2 protein chains.
Amino acid sequence: MTEKNQNTETRILEAAKEIFIKKGMDGSRMQEIADEAGINKSLLHYYYRSKDKLFEAVFKIAIITFAPKLFKNLNKDLSFFTKIELFVENYISLIKKNPHIPGFIIHELGRNPKGLVGMLQNLNIDLSGIKQQISNEVEAGNIIPIKPEQLIVNIIALCVFPIGAKPIIQYIFFEDNKKEYNKFIEVRKKEVSQFIINAIRRK
Amino acid sequence: MTEKNQNTETRILEAAKEIFIKKGMDGSRMQEIADEAGINKSLLHYYYRSKDKLFEAVFKIAIITFAPKLFKNLNKDLSFFTKIELFVENYISLIKKNPHIPGFIIHELGRNPKGLVGMLQNLNIDLSGIKQQISNEVEAGNIIPIKPEQLIVNIIALCVFPIGAKPIIQYIFFEDNKKEYNKFIEVRKKEVSQFIINAIRRK
DNA sequence: TTTACTTTTGACCAATTGGTTAAACTTATT
DNA sequence: AATAAGTTTAACCAATTGGTCAAAAGTAAA
């Protein structure tokens with residue numbers, strides 16, 4: 001693989017990511033992706049044989065961006081609540097940089113669950129560590145009784161939804177004022193973790 | 001308008017709702033909608049002139065289903081926390097019956113914000129009542145200081161996200177076991193409101 | 001330079017898709 | 001029954017789209 005080859009392949013993937021994640025599989029055109037990458041449409045088929053193959057590559061990237069290093073602070077020597085604070089701040093920042101990814105994943109999974117859910121298997125996401133830690137905190141009486149799945153989903157919901165649903169929230173609450181909305185999200189980086197900690201802390 | 005006309009028009013709208021909300025504007029075919037409604041494709045254009053017009057009708061229905069009677073218990077003579085409990089239970093039940101609507105709205109708004117956000121104007125959603133009530137509760141010292149927008153978004157996020165993201169959650173947490181996932185959602189009808197109340201109640 | 005190989009392009013194709021149109025069929029009115 | 005109006009259908013069309021293919025352009029080795 002020559003260097004120019006690599007460049008082209010990367011440019012294609014970057015362009016496909018941009019278009020697919022914004023418009024979805026069905027709303028994206030191979031020609032548009034080629035234009036975005038600044039190449040001939042035939043080259044798309046030269047590197048990735050079909051639209052489906054190209055989409056698959058982008059979908060994997062989206063999942064990896066969305067699902068992953070959530071728990072990079074998990075093994076550090078920090079209190080449970082501090083970990084929550086770090087996670088919330090990191091995750092909101094991450095989603096804010098890729099605001100279309102949640103909607104993209106949800107829409108595409110709803111459209112083709114069989115084909116795409118299977119793709120998750122390759123990424124073997126392991127939550128046993130964090131689940132165990134939550135159970136420990138419950139047993140130690142540091143937090144109220146709560147199923148690990150419920151707490152994890154709550155945390156992710158509070159981080160992801162407000163950014164995924166940006167257009168509605170920005171319109172309904174802030175009269176479509178982008179700056180007001182951004183301020184709203186910035187505030188959440190601190191407040192969401194306090195909200196969560198209040199909810200689960202033993203009194 | 002004769003009765004048969006009404007029937008046909010209704011059947012078309014029902015079919016369009018089914019298809020559009022599941023597959024999105026770009027992924028839906030007029031022929032498929034016609035088949036679903038059991039009529040000839042030309043009839044779609046006879047009642048709704050174009051795909052866009054038909055989509056617009058469906059999108060409005062989706063918004064109305066999603067955004068609306070959230071606050072039907074708002075004016076009853078109940079405590080603030082009881083209202084939250086009622087709202088959470090009602091809203092989760094509502095979304096559970098229409099699980100594709102959140103993803104649909106988010107995806108379509110992301111695809112065409114200019115055209116569709118404007119459509120929200122017609123529905124003049126009024127949150128001033130609930131916002132005022134939250135402010136009152138804060139001032140009365142019944143709940144911790146929190147901006148009404150933050151609390152409302154938190155509540156909706158905790159209700160909507162776990163159902164909108166069903167395929168992922170069902171796969172990651174419950175090995176794609178539908179019953180386990182359903183139990184998970186049922187539990188949330190009670191637990192989410194307790195989570196919220198814990199988070200905001202003055203100690 | 002010649003040869004062999006990869007990369008890139010333009011021209012082209014078959015299938016699909018939203019939409020049109022004229023004719024057939026219903027229904028109500030006279 | 002005849003007329004007029006709305007309703008439904010089949011056949012058709014132009015445009016778009018994913019994909020193919022052979023030729024051109026670039027690259028490296030001989």
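As the structure is a computational prediction, the values presented were derived from the model and not from experiment. Letters go in sequence order (proteins before strands), and every chain restarts at 1.
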Q: In residues 35-44 of chain B, which ones come under 4.0 Å of DNA chain C, going by heavy atoms?
A: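 Only B:Lys41, B:Ser42 qualify.
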
Q: Looking at residues at least two apart in the chain, or sitting in another chain, which of them share a ring pair (Phe, Tyr, Trp, His ring centres under 6.0 Å) with B:His100?
A: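 With sequence neighbours excluded, B:His100 shows a ring pair (Phe, Tyr, Trp, His ring centres under 6.0 Å) to no residue whatsoever.
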
Q: Under the rule for ring pair (Phe, Tyr, Trp, His ring centres under 6.0 Å), what residues qualify as partners of B:Phe195, not counting sequence neighbours?
A: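 Ring pair (Phe, Tyr, Trp, His ring centres under 6.0 Å) list for B:Phe195, sorted by chain: empty.
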
Q: Give the rounded distance in Å between these two atoms: NE2 of B:His45 and P of D:dT7.
A: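 So the two atoms are 17 Å apart, to the nearest Å.
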
Q: Table please: side-chain donor-acceptor pairs of residues 142-153 of chain A below 3.5 Å, with sequence neighbours left out.
A:
unit_1: A:Asn142; atom_1: ND2; unit_2: A:Glu137; atom_2: OE1; d: 3.0
unit_1: A:Gln150; atom_1: OE1; unit_2: B:Arg188; atom_2: NH1; d: 2.8
unit_1: A:Gln150; atom_1: NE2; unit_2: B:Phe184; atom_2: O; d: 3.2

Q: Distance check needed: D:dT9 C1' versus B:Ile12 CD1, whole Å only.
A: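 Nearest whole value for this atom pair: 13 Å.
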
Q: Starting at CD of A:Gln31 and ending at C1' of C:dT9, how long is that distance when rounded to a whole Å?
A: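 Result: 12 Å.
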
Q: Check whether any side-chain nitrogen or oxygen of B:Thr8 sits under 4.0 Å from OP1 or OP2 of D:dT7, and answer yes or no.
A: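 Answer is no, no contact under 4.0 Å.
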
Q: Show, in sequence, the C-alpha distance, side-chain angles and deciding distance for A:Phe20 and A:Phe55, and conclude whether the ring pair (Phe, Tyr, Trp, His ring centres under 6.0 Å) test is met.
A: CA-CA 7 Å; A:Phe20 273 138; A:Phe55 175 82; 5.3 Å; yes

Q: Write down the distance between CE (B:Met30) and P (C:dG19), rounded to a whole number of angstrom.
A: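 Computing the B:Met30:CE to C:dG19:P distance gives 6 Å.
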
Q: Find the distance B:Lys51:NZ to D:dT16:C1' and express it as a whole number of Å.
A: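 Going from NZ in B:Lys51 over to C1' in D:dT16 covers 12 Å.
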
Q: Figure out the CD/C1' separation between B:Glu32 and C:dG18, and round it to whole Å.
A: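 Atom CD in B:Glu32 sits about 14 Å away from atom C1' in C:dG18.
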
Q: So, OP1 or OP2 of D:dT8: does either fall under 4.0 Å of a side-chain N or O from B:Tyr47?
A: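 True: B:Tyr47 side-chain N/O within range (under 4.0 Å) of D:dT8 OP1/OP2.
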
Q: Please determine whether a side-chain nitrogen of the Lys or Arg among A:Glu56 and A:Lys53 lies less than 4.0 Å from a carboxylate oxygen of the Asp or Glu.
A: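 Result for this pair is no, no salt bridge flagged.
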
Q: Between C:dT16 and B:Arg29, is there an OP1 or OP2 to side-chain N/O distance shorter than 4.0 Å?
A: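 Answer no for this pair, as no side-chain N or O of B:Arg29 is under 4.0 Å from OP1 or OP2.
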
Q: Going by the salt bridge (charged side-chain N to carboxylate O under 4.0 Å, His left out) test, which pairs reach into residues 114-123 of chain B, not counting sequence neighbours?
A: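 Pairs touching residues 114-123 of chain B that pass the test: none.
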
Q: Could you tell me how far apart A:Lys23 (NZ) and D:dT17 (P) are, to the nearest whole angstrom?
A: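 These atoms are roughly 10 Å apart.
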
Q: Looking only at the side chain of B:Tyr46 (C-beta and beyond, no hydrogens), which of the listed nucleotides C:dG19, C:dT6, D:dT8 gets closest?
A: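 The nucleotide sitting nearest to the side chain is D:dT8.
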
Q: Donor-acceptor pairs under 3.5 Å, side chain of residues 162-173 of chain A to any protein atom, not counting sequence neighbours: which ones?
A:
unit_1: A:Gln170; atom_1: NE2; unit_2: A:Asp176; atom_2: OD1; d: 3.4
unit_1: A:Tyr171; atom_1: OH; unit_2: B:Gln121; atom_2: N; d: 3.4

Q: What is the distance, to the nearest angstrom, from the CZ atom on B:Phe55 to the P atom on C:dG18?
A: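 Distance, rounded to whole Å: 13 Å.
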
